[in-house]
Structures are given as C-alpha cells and as structure tokens.
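See below for the structure under consideration.
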2 protein chains.
Amino acid sequence: MTDNLAGTIHKIRSASRSLIRELGFLNKTIAGTGLPGSYVHAIVEIGTTGELTARELSEKLLLEKSTISRLVRSLIEREEISENRSLVDARQKNLRLTQKGQQTLTKINLYAASQVREAISPLSLNKQQEILTGLTDYCLALKNSRQKNSPSAPTRITENLPRIRTGYLPGIIGGITSLHAGYYSRLVGFSDTFETAVADGLARFVPRLDRKQNEIWSLEHRDKFLGSIAIDGEDLGENIAHLRWFIVDKELHGSGLGKKLLQGALQFCDGQNFRETHLWTFKGLDVARKLYEENGFSLVEEYKGTQWGKQMIEQKFVRPLPLKGDV
Amino acid sequence: MTDNLAGTIHKIRSASRSLIRELGFLNKTIAGTGLPGSYVHAIVEIGTTGELTARELSEKLLLEKSTISRLVRSLIEREEISENRSLVDARQKNLRLTQKGQQTLTKINLYAASQVREAISPLSLNKQQEILTGLTDYCLALKNSRQKNSPSAPTRITENLPRIRTGYLPGIIGGITSLHAGYYSRLVGFSDTFETAVADGLARFVPRLDRKQNEIWSLEHRDKFLGSIAIDGEDLGENIAHLRWFIVDKELHGSGLGKKLLQGALQFCDGQNFRETHLWTFKGLDVARKLYEENGFSLVEEYKGTQWGKQMIEQKFVRPLPLKGDV
DNA sequence: AGAATATAGTTGTATCAAGCAACCATATTG
DNA sequence: CAATATGGTTGCTTGATACAACTATATTCT
C-alpha cells in the first residue's frame, strides 16, 4: 500500500517531467508561438478573463510582481495588450488584449489546440476523458496542497472578489443605474421609467455625500460596479435613515457580499443614531426579504404601485435602532 | 461530438497551464531545490539512468546541445556530476552523479515526492490511479504526435540502443570476458576455468586483429560491452573461418541485435571468401541454435566435454560459403 | 587508403526572463 | 492626520536559452 503510493508518486513525477518537456517549458520560447511560456500564459489568461490587473496576473501565474510588471510592459510594446489606469483605484491598471493580441491569442489557441487534438484524437473517448480528469484532479490537488502549506501567503480573500468601496467613485452613478436597469428589466420588465428614476435619484443623492449622514457603498471590481447600497439620511427627515439602491449583481448572489453590504450600511445607521431605517422594495424578492428580516427589518406596509410601467406590489420595511448593548 | 472534443481540448489545456505553474516551471528556480527546472530534470535523468551522454540528455530534455553543454559544465562546477571521456568513442563523455549529486538527487526526490504525496494522498486510490493514467497517456500521446509531425527530426533509431562497433576498443577484452563469465556462470555454473580460457583466447586473438581475415564486432553502450562476435580467420587454417565469442547480454535478448551481429560477421566471412565457417557451442542454447540454423549452419558433431569444470554436451556447427547469386 | 560526411561536444555572441530590494503613488485604517 | 497596506515600477544582477561557427573524432563510400 505504502509501496504502491510510492510507486504511483514516482510514475506521476516521471510523467510530469515528460509533460513539461513536451509542452516546451524548458525551452526559451514555446514552439509555434515564438513567445516565452510566461507570455503565452499571460495572453491566454487575459484573453479568457477579458480584463485583469497585474496583481491578479501575478497570482495566477505564480510570478513575482516585478516580473509581471516587465512582462506586461513588453506585451504592451508589442501591442498585444493595452493598459488602462483604473478609474476607481488609481493604483491599478486594467489589462486587456488589443486587436492584435486577440489575433495572437487565436494563433496560440489554434496551435495549442491542434497540438492537443493531434495528440489525443487517436485515443478513445474514454481515454480522453481519463486524461482530462487525471490532469484536472492533479492540478487541483497540487493547488490545495500548496495553499495548505503556505500560511505565510494564504489565498487572498479578496482574490478575484470585488471590494467594498465607500463614497463617490467615477462611474458609480452609471454603474449602479445600469445594474438596476439590467436586473429589473430581466426580472420584471421594468424599462426606461424605472432606469430614469434610479439615475435621477442617484444624481440628486451623490452630491449630498459630503454630509456625514449620507453614505454609499459599492462593490467594485476592475472598474465594474457589481453591487451597491446607500443610506440617505436626509430625504425622509425626522432622524430616519433611508436605505436605497441595494442591489447585488446576479453573479454574486450567494457570495455573502450582499449581507456584508447591508450590515455595513446598518452599522453606519446605528453609528449615526438614526431612530429608524426605512426601505421600499417589491413583493417577490424573497431572498432580499429574508435578509432584511434577519437584520431587524419588519414589513410595515404593502400596496399596489404602477409607477414603473408594471403593476407591482410595493413593500415598505422598517428597522428600529437596536437598544444599546443588544447583540 | 466535435464540440465535445473541443471542450475536452480546452479543459486539458487549462489544466496543463495550471500544472506548469504549480510545478514552478515559469519560475527561475524550482521551489525547494534552488535549481532551475532544466537542472533538476538533468539531475533526475542522469541519476535514474546511471550514466548518460550530453546528446542523450539533450534528446531527453528537448534542449539544444549548446544549452546542454553549458548546463553540464555548470553542474560539473557545482560538483553535482562528473564527466568521463568515453574510452571507446573519444567524442563523447559519460556523465554521472557525484556523491554530492546523489545527495542532491535525494533532496530533489524527497521534495518532489512529498509535494506529490501531499497533493494526492488525500485522494482515493481510484482517483490517484486516474491521475496517473491520465498523465502518462497524455504524455505518450504528445510524444507520439510530436514524432509523427517532425519527420525532419525523427526519433533516432540509435537512441538509447548500443551501437555495433568493429575492431579493438579499450576495455573490450575485459568487457567480453566478464560478459561470458557472468552469462555462463549463471546459466550453467562455469567458473574460473572458463573465464580464464575466454580471456586467454581473446588476449591471443586481439593482437591479430590487424590482419584482414580477422575481425571483431562488439555491442557497446556508454563504455559497457553488451555483446560481441568475432571471426578468427587464422586458427583453424585451411581457409576456414572460426566464429568465436558470440554473446549478447541478457538485457538485449530479443532485440534483434544478436541476429545483426551474426549476419554482419557472416557477411564478412563471405566477403573474405572463406570456404566454411565453424563454431563450437553447447547443447541447450536453443535460441542461439535456431539463429545458427537460420543462417546456414548445420550441426555436424556432438560430444561430451568436461573442460569447463562441468559436464556439458559440446556441439560443432558448420556453414559453407553460399553459392554466388544465392539469396 | 583517402575523401566526404556525420556526430559529440565547445565556444562566441546575443537575448532576455526572473527575482530581490528599494522605491513611488495611492488607498485604507485608526 | 499619521501609520500602514497595496499596486505597480525601476535598478541591479544573474544566468538560461538559442543560433552559428568551430574542433575533434567516427563512419561511410568509393
């Protein structure tokens, strides 16, 4: 059994070595591309993701950031990729393939795919599947084991996850507006009336962000807005907070980020000592309702509304300021 | 189906990329060893083979010979390997691990094996086996496809196979003698008497190699003698060739090299116009007997002999010069 | 036996990927 | 506002890879 494991390990290692060589990773450039292995990986990665930052690339390729920095510059000089300083975080730059880079990626794909195809197509479907599961399982196992073994460099929790930002960010009004429009048009067929209202509301709200009773949080990732929540501490008056523009991109549902947004906003409300927090929503958004109720809101009112070009049942939730010392 | 293949290809590529990165082949040195990937491969290869030439290393690692040359030098300077100019082919040098190199290999093995072990040991035996077969099949497929696609650089037929050499080579007497001694002591318990006779015979024969009626062929690989055959055109007189010291290392049985040796020698005999070729052997060596008979020999005599410290039945075979025009 | 060719390995030369450390600019935290 | 963290760049060094031209030895051909 132990011997068996040792034998398996030995054979796996031997096969890995062979694989490395066959794929050309001891060579200066990968055959068929004229590019070094790391460049090919970078192009493929950027291409399939659409947009990446240097840091993300560094994490994916497991290469030093200085190495990545130069790799990126070289690719820019070759006009394979372009960089755009992020609007919302001036430190980072978003990388994407240029037209030429797209073509290069296509060439790489053609070459690599045909290499793989020629290799595996003579094999039975069964064998092919075995190869695939074997490889993926092995990679996964290696990755898991690496992450378990380097507590010094743990997986970044933020890796590939949007960050929660506060305050105004360039593009935030447009971003949140289109998020709402896309979400609700798909869900219930809202159209321009609704989107206009969102844009208008935000446009009136954002200039008031400098007052301490107002705040906005957004989920941002690579200049894309994937979620938001805001506390308008003025429009309702009477020391009541108005929770507005709470939305999370469908892709992030279930990620826990929505709850984080909501709880951050409520913490803010409590810090500001608002007597109550009110919010308006629609009947049918069951997941959201559950979230509200878990966090101290109760449904207080329900009525038909037609203002968005559709007949909807609107709902109003209210949450009182928790007693001090409460959990 | 086609789509399925494309999907499989895509996933395989993605897994390969991940594998490359996890194993550190985009990095300057492999973690845990401090050595570049190519060095690690070289050490493992030399270590597991025991002895290699630079050319063989180049073929295995798929690297340029100049690259290998420098890699080898660097490893020699680090005292990881040693080189010995081959005694039988002054162009090539045999590379082997030094004491220090052995230790390095051990370290590499420990590191790599534990990396693999930690990765796969949480998995079921079944999964482990899947990984193994997947990897090996894939490597094999890639290799096959590469070789099919580069008729310009076909697999060397001589790759890792001994070459047939003619004439004297340093170490040939000792090499052939020990080959005989090892083979026959294991087979039938011959001992010193026999080995002495072989050595003595060779010692008397080799100096006569400069005469055109004598010749010796040997199978040589990395300074090891793995087979031999000789034609003594003088000792029997009467224009009769004496076929002597025909032996092939057990490892090479079935490789076709024995037949090649024999036919080369017989071609030589025919070229020299010997009237007959005689040889003495023992009863029981059935494979050899078949080979003799396939090539024109017939058994002409059989008698008991005790000269080698064992009672054996000796046999004499004779082959006449084929008629001209014969096939 | 001698000429032509092939093979093993080295060396000149050039390129450039990788990593470390120190740095700058921007963001976040407290 | 100060301290710290983060994304990215730059100076510096190392050294792996490849191509081409070369030397020395082996093999093949006639």
Side-chain angles (χ1 to χ4, degrees), chain A residues 21 24-31 34-42 52-59 61-78 83-95 156-159 163-167 169 217 220 222, chain B residues 21 24-31 34-42 52-59 61-78 83-95 156-159 163-167 169 212 220 222:
Chain A
R21 297 171 200 164
F25 278 87
L26 292 184
N27 305 85
K28 190 155 204 182
T29 64
I30 305 287
L35 291 166
S38 52
Y39 284 48
V40 172
H41 278 217
L52 278 176
T53 65
R55 178 180 67 74
E56 288 168 320
L57 206 49
S58 158
E59 277 168 12
L61 305 196
L62 302 176
L63 284 171
E64 246 280 325
K65 59 180 183 163
S66 64
T67 304
I68 294 293
S69 175
R70 289 185 162 98
L71 181 159
V72 161
R73 187 123 57 97
S74 165
L75 284 175
I76 289 171
E77 274 162 20
R78 294 166 198 226
E83 65 180 352
N84 277 298
R85 175 133 272 158
S86 162
L87 290 172
V88 299
D89 186 338
R91 290 172 306 178
Q92 62 190 18
K93 297 175 172 179
N94 296 315
L95 310 170
R156 300 176 72 105
I157 301 161
T158 65
E159 184 183 15
R163 280 185 297 171
I164 296 179
R165 319 283 309 267
T166 61
L169 293 171
W217 295 259
E220 173 273 329
R222 291 190 217 123
Chain B
R21 296 170 201 164
F25 279 86
L26 292 184
N27 304 85
K28 191 158 203 181
T29 63
I30 305 288
L35 291 166
S38 52
Y39 284 48
V40 172
H41 279 217
L52 278 176
T53 66
R55 177 178 70 71
E56 288 168 319
L57 207 48
S58 159
E59 278 168 10
L61 305 195
L62 302 176
L63 285 171
E64 247 279 327
K65 59 180 182 161
S66 64
T67 303
I68 293 294
S69 175
R70 289 185 162 98
L71 182 160
V72 161
R73 189 122 56 97
S74 164
L75 284 175
I76 289 171
E77 275 162 18
R78 295 165 199 227
E83 67 179 351
N84 277 301
R85 176 132 273 161
S86 162
L87 289 172
V88 298
D89 185 337
R91 289 172 307 178
Q92 62 190 17
K93 298 175 172 180
N94 296 317
L95 309 170
R156 304 175 70 106
I157 302 160
T158 65
E159 184 182 15
R163 282 184 298 170
I164 297 179
R165 320 282 309 266
T166 61
L169 294 171
K212 71 178 197 330
E220 172 273 327
R222 290 192 216 124

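In what follows, every chain begins at residue 1, and chains take the letters A, B, ... in the order their sequences are listed.
Side-chain N/O atoms of B:R165 include one lying less than 4.0 angstrom from OP1 or OP2 on D:dT27.
No N or O donor and acceptor, one from the side chain of B:K93 and one from the base of C:dG9, sit under 3.5 Å apart. Residue side chain A:R222 does not reach the base of D:dG7 through any donor-acceptor N/O pair under 3.5 Å, judged by distance alone. In the interface, the side chain of B:K28 is not paired with the base of C:dG19 through any donor and acceptor atom under 3.5 Å apart. Contact annotation: side chain of A:R70 to base of C:dG19, donor-acceptor pair present below 3.5 Å. For A:S74 against C:dC16, a side-chain-to-base donor-acceptor contact under 3.5 Å is absent.
When each of C:dT10, D:dG8, D:dA26 is scored by its nearest atom to the side-chain atoms of B:A90, the top-ranked nucleotide is D:dA26. Closest approach to the A:R55 side chain among C:dG9, C:dT11, D:dG8 is made by D:dG8 (side chain taken as heavy atoms from C-beta onward).
Counted by atom type alone, A:Y39 and A:S74 present one or more donor-acceptor pairs between their side chains at under 3.5 Å.
Aromatic ring centres of B:H41 and A:F25 lie farther apart than the 6.0 Å criterion allows.
No donor-acceptor pair closer than 3.5 Å links the side chain of B:N27 to the backbone N or O of B:T29.
Taking atom CD1 on A:I30 and atom P on C:dC16, their separation rounds to 16 Å, with Å as the unit.
Electrostatic pairing of A:R222 and A:E56 counts as a salt bridge here, judged by a charged N lying under 4.0 Å from a carboxylate O.
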